[in-house]
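Ligands are counted one by one from 1 in listed order, and the atoms in each one are counted from 1 as well.
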Amino acid sequence: MKIALKLEKFEFKGVSSERPLIMAGPCSAENEEQVMETGRQLKEIGVQIYRAGLWKPRTRPDTFEGVGKEGLPWLKRIKDELGMYTATEVANVWHVYDALKAGIDIIWLGARTTANPFAVQEIADSLKGVDIPVMIKNPINPDVELWIGAIERLNRAGIRKMAAIHRGFSIYNRTLYRNNPQWEIPIELKRLIPELPILTDPSHICGSRDLLFEVSQKAMDLDFDGLIIESHCNPEKALSDAQQQLTPENLNKLIHRLVLRSATIQNNVLLSTLEDLRHEIDKYDDKLMDIFEHRMAVARKIGEYKKQNNITILQTSRWDEILRDKIIQAARKGLGEEFIIKVFRAIHEESINHQTKVMNE
Ligand code: PEP
Ligand code: MN
């Protein structure tokens with residue numbers, strides 16, 4: 001089911017509407033000189049929308065929590081002297097009032113705010129009758145409904161220029177990423193609200209500079225609309241998120257490396273090759289369905305046998321053995337270990353469900 005929103009185009013006068021829309025700037029505005037120097041360098045490489053956090057939601061107290069409204073005149077200079085648009089995060093109504101008063105062009109809701117419907121509603125109410133573009137970061141937890149809820153609250157308050165920001169999701173164990181991208185969630189958002197632009201924030205997904213390009217390229221390959229990337233004139237000295245910020249020069253290199261592929265296929269030869277390959281995939285998927293059907297029938301038979309002989313459904317040693325075996329096979333077949341574990345967990349769970357049914361019959 002699609003979700004209907006009242007939206008206007010998320011575009012800015014004088015900014016190219018070609019993909020990708022780029023927003024860049026430091027994680028935090030730290031001082032006037034850093035803001036201006038970063039701005040000058042970003043302008044030089046063609047960035048037209050400048051992001052900077054003033055009120056920083058930090059995990060622990062006693063870390064740099066942003067300069068607050070003291071930084072608003074610096075962003076005003078970015079606007080007046082460099083002719084760039086400015087964007088900042090707001091997390092409560094006071095931030096909204098201060099940002100609006102200072103002429104900030106675009107505001108965004110951070111991941112922690114999106115996760116809190118009370119906070120989102122208060123901000124939405126404070127924006128009634130105001131015409132300002134708003135971007136909504138995904139909530140820290142992987143819940144597309146919560147993300148949509150925040151988008152709806154803002155939209156119902158009359159906000160028409162909207163975009164979603166995909167910044168990844170919290171995980172307990174740090175993996176390769178600081179915040180797990182879980183691409184399936186923004187993909188689902190795009191399926192439900194196709195006209196809502198999605199910008200990916202590779203900086204907060206990666207948490208370090210080295211993965212930024214891959215994540216940005218993936219966002220482009222998924223046909224997302226833009227990128228919001230943290231860039232600082234002196235990243236090593238940054239007061240927040242130092243490891244993930246790029247110099248404007250390196251940002252420029254990253255942007256130029258991006259390969260932009262078309263989402264529509266014009267060439268007929270390409271199209272028919274792709275269709276053939278898709279048919280092949282469909283055939284395999286049908287086969288998989290048959291295999292699942294037969295596998296579950298066997299699972300039910302096992303269930304009956306266990307029932308007759310009074311044996312428990314779950315036998316941990318057997319399950320361990322299957323998993324170990326499959327991980328070895330996966331490596332030989334060039335399949336990801338994590339993927340195979342997920343698949344077999346799901347299959348195993350389904351088998352247990354079938355057997356439980358048999359036991360209860
Ligand atoms: C940020 O953009 O600097 C920020 C704090 O983002 P998030 O809400 O995604 O953590
Ligand atoms: Mn940051």
Regarding ligand 1, does [X] bring an N or O atom to under 3.5 Å of one of the ligand's N or O atoms?
| X | answer |
| --- | --- |
| K56 | yes |
| A111 | yes |
| D241 | no |

> In terms of side-chain heavy atoms, does Q308 have a donor or acceptor partner in E304 at a distance below 3.5 Å?
Replying inline: no
> Who's closest to atom 6 (O) of ligand 1 heavy-atom-wise, of R112, K137, E89?
Replying inline: K137
> How close does the nearest protein non-hydrogen atom get to atom 4 (C) of ligand 1, and which residue and atom is it?
Replying inline: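 Of the protein heavy atoms, H204 NE2, 3.5 Å lies nearest.
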> Who's the nearest protein heavy-atom neighbour of atom 10 (O) of ligand 1, and how far?
Replying inline: R167 NH2, 2.8 Å
> the Mn ion (ligand 2) is nearest to which N, O or S atom of E230?
Replying inline: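 The closest N, O or S atom of E230 to the Mn ion (ligand 2) is OE2.
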>> Only N/O/S atoms count here: what is the atom of D241 closest to the Mn ion (ligand 2) called?
In response: OD2
>> Under a 4.0 angstrom heavy-atom cut-off, which atoms of ligand 1 come close to G110?
In response: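 Matching atoms, with element in brackets: 8 (O).
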> At a 4.0 Å threshold, what atoms of ligand 1 neighbour a non-hydrogen atom of W108?
Replying inline: 2 (O)
> Going through the distances and angles, do V144 and I148 end up as a side-chain contact (heavy atoms from CB on, under 4.5 Å)?
Replying inline: CA-CA 6 Å; V144 76; I148 291 172; 4.2 Å; yes
Side-chain ion pair, [X] and [Y], N-O less than 4.0 Å:
| X | Y | value |
| --- | --- | --- |
| R51 | E89 | no |
| E361 | K307 | no |
| D225 | R19 | no |

>> Suppose you place the vertex at the Mn ion (ligand 2); what is the angle out to C27 SG and H204 NE2, to 10°?
In response: 170°
> Would Q41 and E249 satisfy side-chain contact (heavy atoms from CB on, under 4.5 Å), going step by step from the backbone distance to the final call?
Replying inline: CA-CA 8 Å; Q41 293 184 23; E249 189 190 343; 6.0 Å; no
>> Ring-plane angle category for H95 and W55, please: parallel below 30°, perpendicular beyond 60°, tilted otherwise.
In response: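 Geometry flag for W55 against H95: parallel rings.
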> Yes or no on side-chain contact (heavy atoms from CB on, under 4.5 Å) for I123 and L109, after CA distance, side-chain angles and deciding distance?
Replying inline: CA-CA 9 Å; I123 293 172; L109 268 58; 4.1 Å; yes
